K.L.:
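Attaching a single structure in structure tokens format; questions to follow.
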Amino acid sequence: MQKDNGKIKIIKSPGAMLAFSKKMLAQEKTIGLVPTMGALHSGHISLVEMSAKNNDITIVSIFVNPTQFGANEDFSKYPRRLQKDASLCEKAGATIIFAPLAKDMYPKTPQTFVRNTVLENMYCGAYRKGHFSGVLSVVAKLFNITQPHNAYFGKKDFQQLHLIKEMVSELNFPIKITGAKIIREKSGLAMSSRNEYMSAKEKEAASSIYAAMKEAKKLSNQSIFNTIAKLKEFIQKKIEKAGGKVQYIEITNKNNLMPLKTLTELKTNAAIILIACYFGKTRLIDNLEL
Ligand code: AMP
């Protein structure tokens with residue numbers, strides 16, 4: 001594999017990355033891509049391992065993409081630790097790291113975006129204007145630069161995963177998208193690079209998100225709630241009791257992310273709970289399939 005001084009190689013230039021991928025394709029190697037923003041944890045590593053198992057070449061992209069952050073969001077304080085991330089990826093079986101600079105990804109102010117005009121304004125998109133067009137556009141760029149056969153995303157960001165699958169299908173990208181299960185702390189808290197913004201106390205309290213969803217699922221299976229609103233209210237109260245502030249809770253059809261409004265709809269569709277909430281200043285998202 002491509003290594004410098006026994007270490008996994010880090011490619012910074014988009015041109016060099018494309019040249020590497022083309023060379024691998026000419027050798028009939030299969031390429032897996034794991035797009036990340038770095039500050040890697042076991043959730044990311046599970047994706048790298050999945051790719052390494054199923055492809056000859058695994059590219060991990062590490063790029064804190066400015067176009068998916070709102071003006072008042074955490075772009076500048078987002079944790080960055082490339083060397084440590086690279087060594088974690090190497091241990092997990094990655095072949096190469098693609099860590100471009102923003103000036104090389106966006107040599108001029110971008111004018112061309114990929115958008116999902118319906119879902120970009122719903123759920124997380126309602127509170128993070130422009131976020132999903134930033135995500136879809138950078139993922140489209142990463143696909144073009146790395147030329148993968150397979151790309152791996154976590155179900156943790158369920159709306160994002162859905163939008164990427166839609167983009168690939170609607171725009172005919174010849175790429176297979178695999179969604180991987182959410183990796184959680186022992187407490188049940190979904191792993192996230194943003195968890196490190198929280199104090200130990202806040203982290204403990206934030207484990208109420210998963211606990212509340214799990215309990216709601218159990219009670220829902222026992223037909224305890226007589227409306228969807230009651231189910232949502234149950235989760236909200238549990239999170240608030242633990243000190244969290246709910247931004248939204250939605251019960252949606254898992255396959256098209258449209259909201260489910262009645263218990264009959266809930267019973268007759270594959271459903272998922274989507275949540276965003278704050279513990280202290282940290283915004284967390286999570287979900288649970290019903
Ligand atoms: P990020 O670095 O936050 O952009 O995440 C990169 C990829 O890792 C995305 O596909 C995420 O959905 C995925 N991911 C993040 N956290 C987890 C987790 N706890 N379990 C599984 N996948 C995750």
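Remember, it's 1-based here, ligands and their atoms both numbered in the order they're listed. None of these values were measured; they are calculated from a predicted model.
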K.L.:
Within a distance under 4.0 Å of any heavy atom of Met191, pick out the atoms of ligand 1 and give their elements.
P.N.:
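Those atoms are 16 (N), 17 (C), 18 (C), 19 (N).
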K.L.:
Considering non-hydrogen atoms of the protein only, which is the closest contact for atom 10 (O) of ligand 1, and what is the distance?
P.N.:
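The answer is Gly154 N, 2.9 Å.
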K.L.:
When you measure from atom 21 (C) of ligand 1 to every protein heavy atom, which one gives the shortest distance, and what is it?
P.N.:
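So the nearest neighbour among protein heavy atoms is Lys181 O, 3.4 Å.
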K.L.:
Find all atoms of ligand 1 within a distance of less than 4.0 Å from any non-hydrogen atom belonging to Met37, and give their numbers and elements.
P.N.:
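Contacts of ligand 1 toward Met37, numbered from 1: 1 (P), 2 (O), 4 (O).
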K.L.:
Relative to the ring of Tyr248, is the ring of Tyr123 parallel (under 30°), tilted (30 to 60°) or perpendicular (over 60°)?
P.N.:
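Answer is tilted, since the angle falls between 30° and 60°.
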K.L.:
In ligand 1, which numbered atoms sit nearer than 4.0 Å to a non-hydrogen atom of Asp157?
P.N.:
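In order of numbering, the contacting atoms are 11 (C), 12 (O).
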K.L.:
Please report which non-hydrogen protein atom sits nearest to atom 1 (P) of ligand 1, along with the residue it belongs to and the distance in Å to one decimal place.
P.N.:
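Here the nearest protein heavy atom works out to His44 NE2, 3.6 Å.
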K.L.:
Using a 6.0 Å cut-off, check whether atom CD of Gln222 has over 12 heavy atoms from anything other than its own residue.
P.N.:
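Above 12, so yes.
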K.L.:
Return a yes/no value for Ile183: is any of its N or O atoms, backbone included, closer than 3.5 angstrom to an N or O of ligand 1?
P.N.:
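Indeed, backbone or side chain, Ile183 has an N or O that close.
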K.L.:
Mind checking whether Leu47 contacts ligand 1 via backbone (N, CA, C, O), side chain (CB onward), both or neither, at a 4.0 Å heavy-atom cut-off?
P.N.:
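Looking at Leu47 and ligand 1, just side chain atoms fall under 4.0 Å.
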K.L.:
With atoms numbered from 1 as shown, which atoms in ligand 1 lie under 4.0 angstrom from a non-hydrogen atom of Ile182?
P.N.:
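Near Ile182, the atoms of ligand 1 are 20 (N), 21 (C).
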K.L.:
So does Gly125 get a backbone contact from the side chain of His131, meaning a donor-acceptor N/O pair under 3.5 Å?
P.N.:
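Judged by distance alone, no pair lies under 3.5 Å.
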K.L.:
What residue and heavy atom of the protein are closest to atom 23 (C) of ligand 1, and at what distance?
P.N.:
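Looking only at protein heavy atoms, the one closest to atom 23 (C) of ligand 1 is Lys156 CB, 4.0 Å.
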K.L.:
Looking at Arg194, I'd like to know if its CZ atom is crowded, meaning that more than 12 non-hydrogen atoms belonging to other residues, nucleotides or ligands lie closer than 6.0 Å.
P.N.:
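Atom CZ in Arg194 is packed in, count exceeds 12.
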K.L.:
Taking Asn116 for its side chain and Met167 for its backbone only, find out whether a donor-acceptor pair lies under 3.5 Å.
P.N.:
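Side chain of Asn116 to backbone of Met167: no pair is present.
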K.L.:
Counting heavy atoms only, which part of Pro35 comes closer than 4.0 Å to ligand 1: side chain, backbone, both or neither?
P.N.:
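Contact part for Pro35 vs ligand 1: backbone (N, CA, C, O).
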K.L.:
Looking at Thr146, is its backbone amide N or carbonyl O close enough to the side chain of Ser21 to form a donor-acceptor pair, meaning the two atoms are under 3.5 Å apart?
P.N.:
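Indeed, once roles are kept as given, a pair shorter than 3.5 Å links the two residues.
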K.L.:
If you have a sec, work out which protein heavy atom is nearest atom 15 (C) of ligand 1 and how many Å separate them, to one decimal?
P.N.:
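Checked against all protein heavy atoms, atom 15 (C) of ligand 1 sits closest to His41 CE1, 3.9 Å.
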K.L.:
Would you say Asn150's side chain and Ile175's backbone share a donor-acceptor pair under 3.5 angstrom?
P.N.:
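Between the backbone of Ile175 and the side chain of Asn150 there is no qualifying donor-acceptor contact (under 3.5 Å).
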K.L.:
I'd like to check which ligand 1 atoms, numbered from 1 as shown, lie under 4.0 Å from a non-hydrogen atom of Phe153.
P.N.:
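Those of ligand 1 that fall under 4.0 Å from Phe153 are 10 (O).
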K.L.:
Taking everything shown except Lys129 itself, do over 12 heavy atoms lie less than 6.0 Å from its NZ?
P.N.:
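More than 12 heavy atoms, drawn from other residues, nucleotides or ligands, come within 6.0 Å of this atom.
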K.L.:
Do the rings of Tyr78 and Tyr197 sit parallel, tilted or perpendicular, given the 30° and 60° boundaries?
P.N.:
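Aromatic pair Tyr78/Tyr197 classed perpendicular.
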